[in-house]
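Read through the structure below, which is laid out as structure tokens, and then see the notes.
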Amino acid sequence: MSTLHTVNKSPFATRDLQSCLDHCRDGDAVLMIEDGVYGALAGTAVSDAVSARAGALKIYVLTPDVNARGLPEARLSDVVTGVDYDGFVDLVTSHDRTQAWL
Amino acid sequence: MSTLHTVNKSPFATRDLQSCLDHCRDGDAVLMIEDGVYGALAGTAVSDAVSARAGALKIYVLTPDVNARGLPEARLSDVVTGVDYDGFVDLVTSHDRTQAWL
Amino acid sequence: MSDIKKFLYVNRRAPYGTIYALESLEVVLIGAAFDQDVSLAFLDDGVFQLTKGQNTDGIGVKNFSPTFRALGDYEVTKFYVERESLAERGLTEADLQEITYEDEDDDWAEKPSIRVVGRDEMAAIMADQDVVLSF
Amino acid sequence: MSDIKKFLYVNRRAPYGTIYALESLEVVLIGAAFDQDVSLAFLDDGVFQLTKGQNTDGIGVKNFSPTFRALGDYEVTKFYVERESLAERGLTEADLQEITYEDEDDDWAEKPSIRVVGRDEMAAIMADQDVVLSF
Amino acid sequence: MKIGVVISEGPYTHQAADTAYHFVKSALAKGHEVPRVFFYHDGVNVSTRLSIPPQDERHIQKNWSALAAEHGVDLVVCIAAAQRRGLLDENEATRQGKDANNIAEGFRISGLGQLIEMGIQTDRLVMFGD
Amino acid sequence: MKIGVVISEGPYTHQAADTAYHFVKSALAKGHEVPRVFFYHDGVNVSTRLSIPPQDERHIQKNWSALAAEHGVDLVVCIAAAQRRGLLDENEATRQGKDANNIAEGFRISGLGQLIEMGIQTDRLVMFGD
């Protein structure tokens with residue numbers, strides 16, 4: 001039994017990503033979408049908070065949103081896996097529930 | 001020449017209040033309105049950041065918004081002054097410009 | 001799966017600045033007519049929805065906070081409020097409205113609906129749901 | 001007061017997730033037709049508006065970032081970008097688009113429009129305006 | 001699998017309606033069912049047929065109407081949220097004495113019970129909002 | 001003093017249109033001039049005459065229309081933002097081949113130049129948004 005959490009806001013603007021990470025349980029997955037994809041950048045003011053949970057959680061980022069924002073793949077954190085919309089659907093069906101951190 | 005800054009979002013949800021405080025200049029005023037009034041609470045995770053700037057800045061809070069949210073006056077920080085909508089207008093006219101931290 | 005699903009309404013936003021809190025409450029009221037297992041979670045700024053003494057006369061907006069007290073009559077009786085969220089905001093349970101329900105399994109004894117829980121327990125409650133609605 | 005006012009457009013939000021960045025740019029374009037002293041400030045997530053290599057094909061939304069490069073032709077030539085905001089986001093000026101203008105006072109020499117400034121200087125720029133529009 | 005979708009922000013203003021659109025298209029292409037999309041909060045604004053986006057932009061309402069027609073997705077607009085925001089179908093406009101209506105083809109106005117019902121009847125529920 | 005006002009979020013969804021309303025009423029009562037209020041972003045949604053809020057709630061559009069009628073405030077709705085979001089007056093609806101319009105009395109649709117002009121012609125500009 002595990003949950004897919006979606007985060008769609010910039011971690012530099014709001015506390016939503018942090019609150020999500022604080023409430024995930026081991027084995028859960030986090031998918032960053034829309035402005036949430038900035039949470040996947042390496043070497044930022046928030047990247048340590050993401051890396052710290054990457055052992056217990058699977059962290060994904062929606063690649064079309066990454067590309068829209070001009071973030072080169074080389075700048076993304078190693079702990080983050082890119083998915084497309086098909087991958088998003090698979091994450092939804094392969095977890096028991098989805099929780100949106102709106 | 002001084003600026004009235006308005007902040008309308010909760011400091012627990014977004015970084016807008018912090019960014020505002022980081023960009024105020026001595027002699028400026030900050031007015032907390034709408035969900036921004038939570039920044040006027042004493043003894044919170046963000047109240048030190050407000051108090052730290054209270055010497056150089058004047059900090060105001062919109063009382064009708066405070067009352068709507070059920071925050072007793074006794075719980076507000078000593079460094080914050082309450083104003084009503086008339087007071088809001090006076091703050092706008094008595095400063096050279098208004099900058100909204102939306 | 002049984003016919004009864006576990007629904008969790010997650011409230012993370014402050015009231016009045018935006019409409020989410022009010023429109024969340026409207027869903028809870030309608031949802032109560034369905035025979036499901038309903039819980040409400042209040043965390044982050046959502047805890048501000050439950051403060052007592054809200055008086056919206058000055059902003060010309062309807063005060064919807066009394067409606068929370070009516071939810072017990074609709075068998076919505078589980079209000080999970082996160083302790084850490086309260087503490088970060090300088091609040092304690094005493095700053096919240098008293099919200100109660102009458103327990104039909106216990107001779108209609110009046111019991112508190114608000115249950116202050118730690119962050120770990122909140123995470124466990126979230127993980128125990130069938131449907132999570134976020135507002 | 002002179003007939004020319006100083007207008008500052010403050011951009012603090014990321015592009016595409018919300019429309020503010022695009023609709024801010026639309027104001028700047030229209031505003032350029034008025035004979036005012038125009039500056040643009042990019043701080044906080046606003047610095048993300050200027051990243052190079054934006055490709056919106058996958059999200060089905062129009063890529064408006066090339067429009068920033070056209071602003072020089074409208075005599076919008078002062079793009080103040082906050083250094084601290086870049087650093088917190090792991091960015092440097094090299095991650096931003098090259099945006100230039102031709103300086104009519106200097107034999108139409110091509111000059112960079114982007115000026116990376118520290119937070120104190122950004123605050124001073126803000127304090128030097130007649131009108132501040134926030135997006 | 002049956003997947004229910006909620007959209008709670010307005011078109012163009014927020015990416016939610018776009019992301020949901022791409023998500024639903026992928027889900028349908030992969031053979032899943034998306035029996036209903038529920039529009040709540042400012043999401044109800046997606047349903048207006050009066051929107052005129054710039055010609056080089058996507059037409060969010062038309063995209064949804066087309067998807068609904070092709071795949072039989074039930075696009076439900078919350079009546080309470082819609083009334084507040086000025087979204088009316090012909091029946092509502094008549095009943096309320098309003099001189100115009102603005103709901104596009106493929107969308108229908110109904111109650112919040114449709115959201116709960118969707119939660120009960122689908123295997124997964126995904127929310128797109130702000 | 002002349003004070004210009006910008007509203008950039010939609011009614012009911014966000015408090016901006018309410019706060020601005022109380023602010024403008026106070027400013028006028030104190031003898032200041034508010035020559036224009038400019039509606040931008042989702043603020044254009046304030047101008048729909050089709051809104052039907054619950055009876056025990058304030059009617060934001062009607063409040064603004066009444067204030068404009070009483071004090072001669074020019075309520076300008078940005079045309080570009082309005083078209084995207086499906087807010088049309090009769091002229092625009094005809095010109096664009098739409099079968100309905102929804103702008104309330106007291107509001108007029110015009111260009112972004114009216115925002116810049118307001119910034120030039122007023123002594124102070126105050127923005128209400130999200």
Side-chain angles (χ1 to χ4, degrees), chain B residues 1-20 23-24 28-40 58 60-71 81-102, chain F residues 1-43 46 56-58 60 63-64 67 71 73 78 81 115-116 118-130:
Chain B
M1 295 291 283
S2 65
T3 301
L4 171 67
H5 302 265
T6 59
V7 175
N8 74 330
K9 289 203 275 309
S10 164
F12 307 105
T14 77
R15 294 203 61 241
D16 297 300
L17 174 63
Q18 188 60 55
S19 190
C20 171
H23 292 89
C24 284
D28 282 357
V30 175
L31 171 62
M32 300 167 177
I33 66 172
E34 300 172 351
D35 287 348
V37 300
Y38 295 114
K58 291 282 289 176
Y60 300 92
V61 66
L62 195 59
T63 301
D65 278 323
V66 170
N67 294 340
R69 287 157 183 82
L71 311 181
T81 304
V83 297
D84 58 11
Y85 292 106
D86 281 354
F88 186 173
V89 173
D90 291 341
L91 286 172
V92 166
T93 58
S94 63
H95 291 80
D96 299 289
R97 70 193 69 72
T98 301
Q99 179 166 359
W101 290 80
L102 303 180
Chain F
M1 217 174 237
K2 286 188 190 175
I3 304 175
V5 170
V6 180
I7 297 177
S8 56
E9 294 298 328
Y12 306 103
T13 297
H14 192 283
Q15 205 185 335
D18 294 295
T19 307
Y21 176 72
H22 295 297
F23 175 85
V24 171
K25 277 217 312 192
S26 281
L28 293 168
K30 291 175 79 75
H32 297 294
E33 285 177 67
V34 182
R36 181 176 294 160
V37 176
F38 192 86
F39 295 83
Y40 197 44
H41 300 318
D42 271 4
V46 172
D56 55 352
E57 274 284 4
R58 76 281 190 204
I60 296 177
N63 284 348
W64 278 106
L67 198 69
H71 297 276
V73 181
C78 169
L115 167 59
I116 308 296
M118 178 172 80
I120 294 170
Q121 295 179 349
T122 57
D123 302 301
R124 299 287 184 276
L125 189 141
V126 189
M127 298 191 76
F128 296 90
D130 184 43

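Proteins come first, then strands; the chains are lettered A, B, ... in the order of their sequence lines, and each starts at number 1. Please read all numbers here as calculations on a predicted model, not as lab measurements.
Atom-to-atom distance recorded for Phe128(F):CZ and Thr6(B):OG1 is 7.5 Å, nearest 0.5 angstrom. How far CG of Asp130(F) is from NZ of Lys9(B): 5.0 Å, rounded to the nearest 0.5 Å. Between Thr93(B) atom OG1 and His32(F) atom NE2 the span is 4.5 Å, to the nearest 0.5 Å.
Of residues 12-22 of chain F, those residues lying under 4.5 Å from chain B by any heavy-atom pair are His14(F), Gln15(F), Ala16(F), Thr19(F), His22(F).
The shortest heavy-atom contact between Val89(B) and Ser26(F) is CG2-CB, 3.8 Å. When all heavy atoms of Leu102(B) and Ser8(F) are compared, the closest pair comes out as CD1-OG, 4.2 Å. When every heavy atom of Tyr85(B) is checked against every heavy atom of Phe23(F), the shortest pair comes out as CD2-N, 4.1 Å.
Remark: the backbone N or O of His95(B) is paired with a side-chain donor or acceptor of Arg124(F) at under 3.5 angstrom.
Using a 4.5 Å cut-off between heavy atoms, Asp86(B) contacts chain F through both its backbone and its side chain. Both the backbone and the side chain of Met127(F) have a heavy atom closer than 4.5 Å to some heavy atom of chain B.
The candidate from Val92(B), Asp84(B), Thr98(B) with the greatest count of non-hydrogen atom pairs under 4.5 Å with chain F is Val92(B).
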